[in-house]
Colleague: 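Below are the structure tokens for one structure; questions will follow.
Owing to the predicted nature of the structure, the values given are computational and were not obtained by experimental measurement.
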Amino acid sequence: MSSLRRINFSTVMLVIGLLFLYLPMFVLVVYSFNASKLVTVWAGFSTQWYGELFRDEQILSAVWTSLRIAFFAASMAVCLGTVAAFVMTRYGHFRGKTALSSMVTAPLVMPEVITGLSLLLLFVQMAQITGWPADRGMATIWIAHTTFCSAYVAVVVAARLREVDHSIEEAAMDLGSPPVKTFFSITLPIITPALAAGWLLAFTLSLDDLVIASFVSGPGANTLPMVVFSSVRMGVSPKINALATLIILTVSLATLLAWFFMRRNETRRKAALRDV
């Protein structure tokens, strides 16, 4: 009777929520080792689809393309988003500040179909007027991903900048530190976690995007979500299950490593405080 009392509503809902989130992933991982070509029929344990996956040049090329686009888009988004965040938080009230802030954060709520279509029309008009881009490909996808990822980075960095104590920067400049040196010595180390979080968020959004990339890509550039979507439309292949399993494994390992380093740094910080 006492054990039944400890099983409350919150525990039951937590278990149901976890099962709802992770049970489909578990089934996907299990069926990635299915010997049958039919993903819904179990025919025995086999790793053949992982071999097929690594021999599929189209998927491997799409993975490499997506990783390159995501890396450069996240890096540029961090630069643009940080500048936008400084303008929104560090500059006083000026004419058009509200409009600027609204335009910077608009991609957060804008439907991806609208964003992709508007960027497609922009690239078409630019090609007609200036001759660039002659063909849509990696460059246009990179510009499109940088456009909407910058909004996410700006929000993350702006939230961190609002918490920074201005007196530290003012004290450094009162002691003779130039503004540029103050930024790199004081402000940048403080907002580095926000920059890292913004970069990872932008990288993930770019790597996961399908709708916008479908509008602005050309025949010579196919990202991984586009290849997966086109192959799923013809029927789910066990290779897709293998690919999804590898992605889940990679994300899980990255999360565990991040947790390990954060916990180690926290332990060192507590030990240093005890020594003081």
Side-chain angles (χ1 to χ4, degrees), residues 24-25 28-29 32 39 49-81 107-124 126-127 132-153 197-255:
M25 296 184 186
L28 183 145
V29 171
S32 69
V39 294
W49 302 114
Y50 288 89
E52 294 288 338
L53 174 65
F54 286 107
R55 286 191 293 268
D56 194 324
E57 295 183 359
Q58 183 183 17
I59 292 181
L60 295 179
S61 176
V63 169
W64 177 237
T65 300
S66 295
L67 290 175
R68 284 187 294 171
I69 293 175
F71 176 82
F72 290 114
S75 301
M76 182 58 68
V78 166
C79 297
L80 297 179
L108 295 174
V109 295
M110 189 73 65
E112 291 186 345
V113 175
I114 303 301
T115 303
L117 180 60
S118 61
L119 288 169
L120 172 62
L121 296 177
L122 172 65
F123 291 138
V124 170
M126 290 177 59
W132 186 91
D135 295 316
R136 293 187 297 275
M138 284 188 58
T140 54
I141 299 175
W142 169 64
I143 294 173
H145 285 187
T146 302
T147 300
F148 79 91
C149 288
S150 298
Y152 292 88
V153 176
W199 190 92
L200 291 173
L201 178 60
F203 183 86
T204 304
L205 291 171
S206 175
L207 198 63
D208 185 60
D209 175 68
L210 170 65
V211 178
I212 296 177
S214 299
F215 277 98
V216 300
S217 65
N222 290 322
T223 62
L224 180 61
M226 294 171 61
V227 172
V228 171
F229 181 72
S230 62
S231 96
V232 168
R233 292 180 62 185
M234 303 299 296
V236 180
S237 171
K239 289 189 296 184
I240 304 302
N241 291 345
L243 175 64
T245 300
L246 293 177
I247 293 175
I248 293 173
L249 178 62
T250 303
V251 173
S252 301
L253 290 177
T255 305

Colleague: Is there a side-chain contact between Leu224 and Leu207 (heavy atoms, below 4.5 Å)?
Modeller: no
Colleague: Checking Ile212 against Thr147 for the side chain to side chain contact (heavy atoms under 4.5 Å, CB included) test, could you report, in this order, the C-alpha distance in whole Å, the side-chain angles of both residues, the deciding distance, and whether it holds?
Modeller: CA-CA 11 Å; Ile212 296 177; Thr147 300; over 6 Å; no
Colleague: Measuring from Thr223:OG1 to Trp64:CH2, what's the distance to the nearest 0.5 Å?
Modeller: 15.5 Å
Colleague: Under 3.5 Å, side chain of Ser230 to main-chain N/O of Val227, donor-acceptor pair present?
Modeller: yes
Colleague: So do the side chains of Tyr152 and Leu108 get within less than 4.5 Å of each other, counting heavy atoms only?
Modeller: yes
Colleague: So which heavy atom on Cys149 is nearest to which on Ser206, and how close?
Modeller: SG-N, 4.2 Å
Colleague: Just by distance, do the side chain of Asp209 and the backbone of Ala213 share a donor-acceptor pair under 3.5 Å?
Modeller: yes
Colleague: Look at the rings of His145 and Phe148 and say which category their plane angle falls in: under 30° parallel, 30 to 60° tilted, over 60° perpendicular.
Modeller: perpendicular
Colleague: First locate atom CG of Leu67, then atom CZ of Phe203, and finally report the distance between them rounded to the nearest 0.5 Å.
Modeller: 5.0 Å
Colleague: Can any side-chain N or O of Ser66 pair as donor or acceptor with the backbone N or O of Val63 at less than 3.5 Å?
Modeller: no
Colleague: Mind checking whether Met138 and Phe72 have side chains closer than 4.5 Å, heavy atoms only?
Modeller: no
Colleague: Quick test of your reading: applying side-chain hydrogen bond (donor to acceptor under 3.5 Å, both in side chains), list the pairs with at least one residue in residues 240-255, sequence neighbours left out, ordered by first then second residue.
Modeller: Ser32-Thr245
